[in-house]
Amino acid sequence: MDQVAVDWSTRGPEPVFGAAMTMLDAYAVEVCPDVVEVWPDADEGSRGLAVETIVRLAVGHIVQPVASPEESARRIAAITARIAYPGGRA
């Protein structure tokens, strides 16, 4: 396990997960204007659950990678697109 993973795993979940989820949620709302268009009926709690799932998936790939960083990024992007665009619009 590399030093970054060790640092993350020994600090407890809140600093890492809380900061990452806050940043991704803010990005989804402020930078991606079509979030409201794509998820017009999604309440804040549902969006938060999707954000948490994506963050935990990314951390899982960091802590226990099964592929190269590039392939892991492609996998995370693919599932994020499926969550964000369930009708296949992405």
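Being a predicted model, the structure only gives us computed values, none of them experimental. Just the heavy atoms: all of them, side chains too, but no hydrogens, waters or symmetry mates, feed the values below.
- A single hydrophobic cluster is not seen to contain both Ile62 and Met23; linkage of ILVMFWY side chains at heavy-atom distances under 4.5 Å, directly or through other members, places them apart.
- In this structure, Ile79 CD1 and Thr53 OG1 are separated by 9.5 Å, a value rounded to the nearest 0.5 Å.
- Applying the side chain to side chain contact (heavy atoms under 4.5 Å, CB included) rule to Glu70 yields the partners Ser68, Arg74; only residues at least two apart in sequence or on another chain are considered.
- There is no path of hydrophobic side-chain contacts, each under 4.5 Å, that joins Val55 to Leu49.
- Listed here is the closest heavy atom pair of Ile76 and Ala58: CD1-CA, 3.6 Å.
- For Arg75, the side chain to side chain contact (heavy atoms under 4.5 Å, CB included) criterion is met by His61, Val66, Ala67, Glu71, not counting sequence neighbours.
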